[in-house]
Amino acid sequence: MSAGQNAALVARIIHHSVVDGPGNRAAVFLQGCNYHCSYCHNPETISVCCGCGTCVSMCPAGAISISDGRVIWDDEACTGCDTCIHVCPHLSSPRVRRLTAEQVMEEIRGDIPFIRGITVSGGECTLQRDFLVDLFTLAKEHKLTALLDSNGSYDYMADAELMNLCDGVMLDVKAFDTAVHKELTGRGSEPVIENARKLMAAGKLTEIRTVIVPGVLPSEETIAGIADVLKEFPGYETLRYKLIAYRNLGVREPYNTLFRSPSPEEMQDLKAFAEQKGFRNIVVI
Amino acid sequence: MLGITDMKQEIREILDNTALTHEQAMMNLSAVPLNYVEFFETTKEFRELEAAGCLCTMNEGNVTYAPRYILPDYEKLLREGCSFLRLGPARTLEDAIMNLEIMYRFVPSVTHYPVYLGSVDKMLEPFIEDEEDAYRQIRRFLIFLDRTIPDSYCHMNLGPEATKAGRMIVEIQTELQNAIPSITLLYDPAITPDDFAAACAECALRCAKPSFANDREYKKIYPVPYGIASCYNALPVAGGAFTLSRIVLARLAPKAKDSEHFINELLPHAVQELCGYIEQKITFLVEETHFFKSNFLVTEGFLKLDNFVGMVGMVGLNECVNILMEKDGVPGTYGHSESADLLGRKIMDRLKAEVESFTSKFCAVNGNHFVLHAQVGIADDYDISPGTRIAIGSEIPLHEHLTHCGKFHPYFNSGVGDIFPFDETADRNPDAIVDLIKGGFAQGMRYFSTYSSDADVIRITGYLVKKSDIVKLDNGIAVNQANAMWGLGEVKNSHILDRKVRSFAG
């Protein structure tokens, strides 16, 4: 199959993003995730639509219909009110399109002079790995860098075809402790930690990111744990560590009322802690 | 013709205005009598078009006794000194700063303040020895400029190379939060290091400066070095512009039967009338008034007559195109439809060709032709967009907007620019702003300005003001900066604070 033929479920394309890697980038969000984090800020990207049709009658703009058990979304009629994702009982969204890499590149054609690369996020992007290979092949033809924003469940370095095209991975380290990680995501932390080590060794670790939820996740333990794993590698000090303050915007019920956001002081304390552990390039957002 | 009663009324308004400083009152008074006298005859056609607001002399009146924009050769001042001012060559950083401070006081321009301060980073760099001491001196220099040149049309240039002095200026500006001076980085991605460009972008988000000029394009235009003066005017150094008059396309378009009538008849006729007027005005300035005969800037060679150009300004392409599309019965609006943009380019092609077909006795530096300028508007333009800008409220997605700029900026050899405010998402990643500028410049864009939506210092149309000064003026309290008054008018009339704020968050 030639490059660009593998279709993926695309939840959203952002034409200019400053938070998805270095410089100005286009960001492509894929639908579907193998984690089920309670604090997820875009939970509507977790599941692939099962065609139940709950959203169809609820849409105030009449932009959703159902045909042959498939939910169809009318981009033109949609007003972006988000009712559909709020009523979806399955953590999904009807506003997902099946696009090939060529179609995605066509949508961002006008952005190419202004961006230095593409970042693919999710959901969990590696679940649609063949599409990534197609998209990154096309990205390279346009001299764009290609980054993955990924949850650490995929064995990246075992996939030489993908990693030869990918410039780096922005890796979520949600928790170092495997029991905590399992409780949060449904899976243990071992593959994530192993991936951090292998990506670092291969020079493909662009960034580590940890979401800070005070009183729920042991953030210091996670920072200290990952520091221990990475400190044997050159470049460890300059590796970007992004500490992301939990915000309840977009988080589903009942979790949106269970967690609280960290204060700016708590974030600064964690930054200082990470510095103590040897990180020098820490971004707090 | 205005009479003595009108003059008395005009004077009275200035005398009673508590929002003017003494200096501002004096300068306003000096302009009053010039509206009551004429020294050369204009044509009937010109007067009709002017009365209809289609042609506009930018409040200059017919009496011009100094060039509108002056870009002295300050490097000569530092190298050789100035005999009129009894200054020797600069040997230390202190000398260099003092020489500049003194000469700035004697550079007139339309505002009576200097609209060009020179490539200050390059001029100061050779004198920097002790960096800590240099930082302190440059900081005081920048405060001195802000307080003694109370007019943000005054413009400092940086780059394209990164220098210690340039980095200091950028760092100090971020701290001082002054509206004055305006600053432009002459930016060439092949010469300017990325980290300095990013430092400039970060400074711009905090205090609306520097802007970025496309150095690679601008340095091709004149056979002599150029500088950025006043709003964003690209003009020859050791020269400048005699005068600027403009055509208001938005007011000419309603007189047309359709777009063909506009492009083939109304527009060429108006442009020829405008050029004829500009030529008359320059002739009066050069051949009759004192400036080019006796001013020390000319006699000592800081300025050369041959390095001056006449500027033909234009405003309101956005509105002009929309009016003509409607008359043609074709759907689509400027910036949003290919056919509207195509019409915009046809109008600009004709405008440029008409300006270039006029031969002047002057303007040797530009082959004896006037130079086209995207004028930013004056305070009493209502619903007329600056130059070729897309109207505030009709902005298109960021990358498309920059691509649109790339199509329209290349028409303007003497200055054009667009403004893109950002929200706080940009603060954490100024590299992203640099990516946008690189992309825009590669597409032909010539000038990019930005500021952060929560900054106090913002760009009005081409110049800077502090939002806090606007609030004071609105309450009748005087502020030092003369052109903050124009800013107040623009905020009230032109929706400046409603300009689309861009976000990198999607």
Side-chain angles (χ1 to χ4, degrees), chain A residues 10-29 41-42 44-45 80 82 95 105-119 121 142-145 147 149 170 206-207 209 240-245 247 249-250 264 267 271 281-285, chain B residues 189 193-195 197-199 201-202 204-205 212 214 216 335-336 338 341 395-407 409 418 420-445 448 450 452-453 500-506:
Chain A
V10 177
R12 195 175 177 205
I13 295 173
I14 293 182
H15 297 272
H16 46 93
S17 167
V18 78
V19 295
D20 295 291
N24 187 31
R25 314 183 69 80
V28 181
F29 293 82
H41 68 281
N42 51 1
E44 71 280 5
T45 63
D82 286 353
R95 297 184 309 206
M105 285 305 289
E106 192 49 42
E107 287 203 17
I108 64 167
R109 182 165 302 281
D111 304 316
I112 291 173
F114 305 100
I115 56 177
R116 62 174 76 175
I118 300 178
T119 299
S121 184
H142 291 282
K143 299 191 166 40
L144 296 171
T145 59
L147 297 179
D149 174 2
M170 297 189 285
T206 299
E207 173 178 302
R209 21 177 70 178
R240 184 167 54 245
Y241 198 150
K242 197 175 271 175
L243 300 173
I244 303 168
R247 292 174 182 88
L249 188 73
M267 292 304 288
K271 184 180 178 193
N281 182 2
I282 301 159
V283 179
V284 171
I285 62 171
Chain B
D194 282 346
D195 73 318
E202 196 170 1
L205 289 170
F212 292 69
N214 191 335
R216 206 180 299 178
H336 297 259
E338 266 181 45
D341 287 354
E395 293 96 335
I396 54 180
L398 183 58
H399 295 165
E400 288 174 40
H401 204 137
L402 291 163
T403 303
H404 188 271
C405 293
K407 290 184 185 143
H409 282 200
D418 272 74
F420 297 90
F422 282 87
D423 71 7
E424 74 289 348
T425 53
D427 294 349
R428 293 189 294 268
N429 196 344
D431 285 344
I433 300 282
V434 177
D435 287 351
L436 293 175
I437 298 167
K438 281 182 181 169
F441 282 12
Q443 309 276 300
M445 188 181 194
F448 177 101
T450 187
S452 180
S453 51
K500 184 173 173 62
V501 174
R502 309 293 176 150
S503 174
F504 277 107

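Per chain, numbering begins at 1; letters A, B, ... match sequence-line order. None of these values were measured; they are calculated from a predicted model.
- For B:Gln443, the part lying under 4.5 angstrom from a heavy atom of chain A is the side chain only.
- Taken from NE2 in A:His16 to CG in B:Leu436, the straight-line distance is 8.0 Å, to the nearest 0.5 Å.
- A distance of 6.0 Å separates NZ of B:Lys438 from CZ of A:Arg116, quoted to the nearest 0.5 Å.
- Other residues, nucleotides and ligands place no more than 12 heavy atoms under 6.0 Å from the NZ atom of B:Lys500.
- Contact of the B:His399 side chain with the A:Ile115 side chain is registered, since non-hydrogen atoms from C-beta on lie closer than 4.5 Å.
- With B:Asp435 contributing its side chain and A:Asn24 its backbone, the two residues share a donor-acceptor pair below 3.5 Å.
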